[in-house]
Amino acid sequence: MSIDSKGKTAGESGAPGATNFIKAIIDEDNKTGKYGGKVLTRFPPEPNGYLHIGHAKSICLNFGLAREYGGLCNLRFDDTNPSKEEVEYVESIMEDVRWLGFDWQNRLFYASDYFGKLYEYAIQLIKQGVAYVDDLTADQIREYRGTLTAPGKESPFRNRSAEENLDLFERMKAGEFPNGARTLRAKIDMSSPNLNMRDPVMYRILHESHHRTGDQWCIYPMYDWAHGQSDSIEGVTHSICTLEFEDHRPLYDWFVDQLGIHHPQQIEFARLNLTYTMMSKRKLLQLVQEGIVSGWDDPRMPTLSGLRRRGFTPESIRDFSERIGVAKRDSMVDYALLEHCLREDLNRRAGRVMVVLRPLKLIIDNYPEGRVEEVEAINNPEDSGMGKRTLPFSRELYVERDDFREVPHKKWFRLAPGSEVRLKHGYIIKCNDYKKNPDTGEVTELHCTYDPGTRSGESTDGRQGPADRKVKGTLHWVSAAHAAEAEVRLYDQLFTKEEPDSDRDFRVNINPRSLEILKGCKIEPGLKDARPGERLQFLRHGYFCVDTRDSRPGAATGSSGPVFNRTTSLRDTWAKIEGK
RNA sequence: UGGGGCGUCGACAAGCGGUAAGUCACCAGCCUUUGGAGCUGGUAUUCCCAGGUUCGAAUCCUGGCGCCCCAGCCA
């Protein structure tokens with residue numbers, strides 16, 4: 001069933017329980033016994049780049065379907081093009097799939113595992129008279145293919161004898177010919193309205209070493225020739241791919257039918273598009289190569305490694321995949337939905353902590369000098385099991401610079417001359433005075449008095465006491481003498497436009513403020529030892545995680561300390577009010 | 001002027017001839033020692049358009065219109 005705790009959508013109503021068209025197809029197949037009730041899917045990435053959130057949809061779909069129907073899902077690398085593929089990518093892909101929470105157990109495969117079998121199959125088709133070696137150049141093949149509206153014409157080499165084809169094909173494999181000299185093609189129909197059926201190329205000559213098979217081969221199968229047969233060899237029942245392969249299905253079917261082997265069913269669905277996000281692997285590579293981002297795992301990247309470093313949880317991504325559904329129509333999902341799934345998950349699991357991003361000194365004039373109190377702070381109001389911690393409270397504190405206004409808005413209920421606020425977990429204070437730098441006009445210091453009877457949690461006997469006095473605003477703070485410092489990286493959308501890729505050059509849509517680096521942020525004392533990867537909520541700010549690459553927890557003062565990445569901000573109702 | 005798909009709220013998405021689910025976003029209110037979270041309510045008289053069939057159509061038929069994909073020895 002659903003992998004998260006709230007998989008309430010899966011098959012809860014109606015007899016077959018289908019909630020998307022693919023499940024409906026599987027239900028029907030199970031009913032008719034098409035595959036004997038078996039469900040075997042596969043996730044078939046090409047190792048030529050890092051996985052992104054769009055792949056996550058496919059991974060969740062394929063592994064999720066297998067799980068739901070008591071079937072299995074294979075991981076198979078579609079490594080048929082040695083000129084683009086690298087081991088770095090296969091390793092990152094495995095790490096990402098595992099991180100997302102899926103397990104292919106002992107079913108890790110590569111299309112290259114089947115190069116030998118595919119070669120035998122090709123010989124079979126040559127013998128059947130439905131495949132031939134063609135001497136046409138790439139340009140000629142293109143010319144002969146015809147156009148969308150005009151039929152193609154047959155290659156002069158199309159009717160070679162099986163013997164001659166066998167001989168030539170054998171010599172192609174033996175390396176007798178240079179790259180591009182010949183191809184093996186399927187003999188189908190040069191006048192088919194479906195261009196994929198106009199004698200598609202099955203093998204091309206590529207004198208290049210492959211990341212797994214080395215120099216064993218110099219002919220490599222094309223996608224169409226490799227994919228369906230690989231599915232068939234593995235016994236895949238439902239071969240799920242994206243919409244652009246719809247036109248390839250007749251060819252997929254043709255190959256397995258000609259071969260007379262197990263016939264998986266190809267099903268196409270719409271790939272994910274997300275607002276403010278670019279999903280093209282090629283362009284993502286460009287961002288990395290041009291140094292626009294710091295790497296594939298830059299926290300602004302939509303790659304799984306980027307999202308992971310940004311602080312996303314695999315649970316939230318799975319939940320998102322579940323909620324967006326699966327259909328055939330092109331769509332554009334609001335980034336806000338992904339963010340919602342993230343916040344919902346983080347809200348219940350991230351420990352609360354107080355961090356002042358842009359510090360402003362606050363002095364409580366009537367608080368005894370040198371005195372330090374320990375106040376108790378709950379770690380997560382959503383989960384009392386997460387316990388409590390104590391925080392030092394003293395006369396001099398830091399509060400957020402943005403929490404003070406010299407001239408407040410009518411609905412402002414934070415600090416301003418004469419206003420009263422509660423210091424979270426501490427006392428109610430009143431702002432009496434403030435100091436400014438006469439030259440710059442910058443506020444440098446706030447002077448307040450506190451009400452000693454209002455300490456948080458003081459009136460636990462159930463009766464209303466002074467500690468229960470209500471004020472409208474509650475602020476986070478950190479004791480000046482006890483605070484540690486940290487670097488905080490505020491990330492925002494990488495692009496300013498919902499469809500960054502809709503312009504000729506996506507670079508014009510890059511958000512110049514996608515990253516703001518804050519140094520000298522004041523963190524509560526316990527935070528200097530935060531573990532890399534740890535996720536926290538900075539009270540009133542948002543969700544942050546300790547950077548796994550640059551953070552130096554517990555580092556001595558003076559050197560680089562902890563580094564936090566903002567995963568996402570909290571919903572900011574005040575910003576809306578102020579904006580009106 | 002070829003072929004393959006797709007058109008239901010701002011965004012996703014159910015619906016499969018019986019009279020428009022749900023989610024996000026948005027709006028309003030309640031609650032709150034995070035202007036967070038939570039809670040309550042509101043938001044498509046209508047399903048791309050036009051005809052037709054039917055007691056009844058988002059669902060069936062016909063004809064339009066719009067959008068996406070396909071002419072790599074990429075996947």
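In the text below, chain A, chain B and the rest are named by the order of the sequence lines, each starting its count at 1. This one's a predicted model, so the numbers in the text were calculated from it and none came from an experiment. Hydrogens, waters and symmetry mates are skipped; everything else that's a heavy atom, side chains included, is used.
- Among the nucleotides B:C27, B:C70, B:G35, the one closest to the side chain of A:Leu148 is B:C70.
- For the ring pair (Phe, Tyr, Trp, His ring centres under 6.0 Å) with A:Tyr203, the qualifying choice from A:Tyr220, A:Phe115, A:Phe169 is A:Phe169, the only one to do so.
- Side-chain nitrogen and oxygen atoms of A:Arg571 include at least one within less than 4.0 Å of the OP1 or OP2 phosphate oxygen of B:A37.
- For the P atoms, the distance linking B:G36 with B:C27 amounts to 13 Å, nearest Å.
- Closest to the side chain of A:Asp247, out of B:U34, B:G72, B:G4, is B:G4.
- When the P atom is compared between B:C24 and B:G41, the two are found 14 Å apart, to the nearest whole Å.
- A:Ser192 comes within 4.0 angstrom of no nucleic acid atom, judged by non-hydrogen atoms across all strands.
- Comparing the P positions of B:G51 and B:A11 gives an interatomic distance of 26 Å, to the nearest angstrom.
- B:C74 sits 16 Å from B:C69 when the C1' atoms are compared, rounded to a whole Å.
- For the residue pair A:Asp29/A:Gln265, the side-chain donor-acceptor check at 3.5 Å is satisfied.
- To the nearest whole angstrom, the two P atoms, one in B:G18 and one in B:C61, are 16 Å apart.
- Here A:Arg145 reaches the OP1 or OP2 of B:G72: one of its side-chain N or O atoms lies under 4.0 Å away.
- Residues A:Tyr252 and A:Asp231 have side chains that bring a donor and an acceptor to within less than 3.5 angstrom of each other.
- Here the nucleotide nearest the side chain of A:Ser331, chosen from B:G35, B:C73, B:C12, is B:C12.
- Under the 90° criterion around 0 for the glycosidic angle, B:G72 counts as syn.
- B:A75 has no base stacking with the ring of A:Tyr223 when judged by centroids under 5.5 angstrom apart and an interplanar angle below 30°.
- Regarding contacts with the backbone of B:C74, a side-chain N or O of A:Arg204 is found under 4.0 angstrom from either OP1 or OP2.
- The gap from the C1' atom of B:U46 to that of B:G15 amounts to 14 Å, rounded to the nearest Å.
- The side chain of A:Phe413 lies closest to B:G35, out of B:G35, B:C73, B:C24.
- A cation-pi geometry, defined here as NZ or CZ lying under 6.0 Å from the six-membered ring centre and within 45° of its normal, holds between A:Lys173 and A:Trp217.
- Looking at heavy-atom distances under 4.0 Å, A:His248 makes contact with a base.
- Looking at the side chain of A:Arg329, the nearest of the listed nucleotides B:U34, B:U1, B:G7 is B:G7.
- Of the N and O atoms on the side chains of A:His227 and A:Arg42, at least one donor lies less than 3.5 Å from an acceptor on the other residue.
- Donor-acceptor pairing under 3.5 Å, judged by distance alone, is absent between the side chain of A:Glu498 and the base of B:G10.
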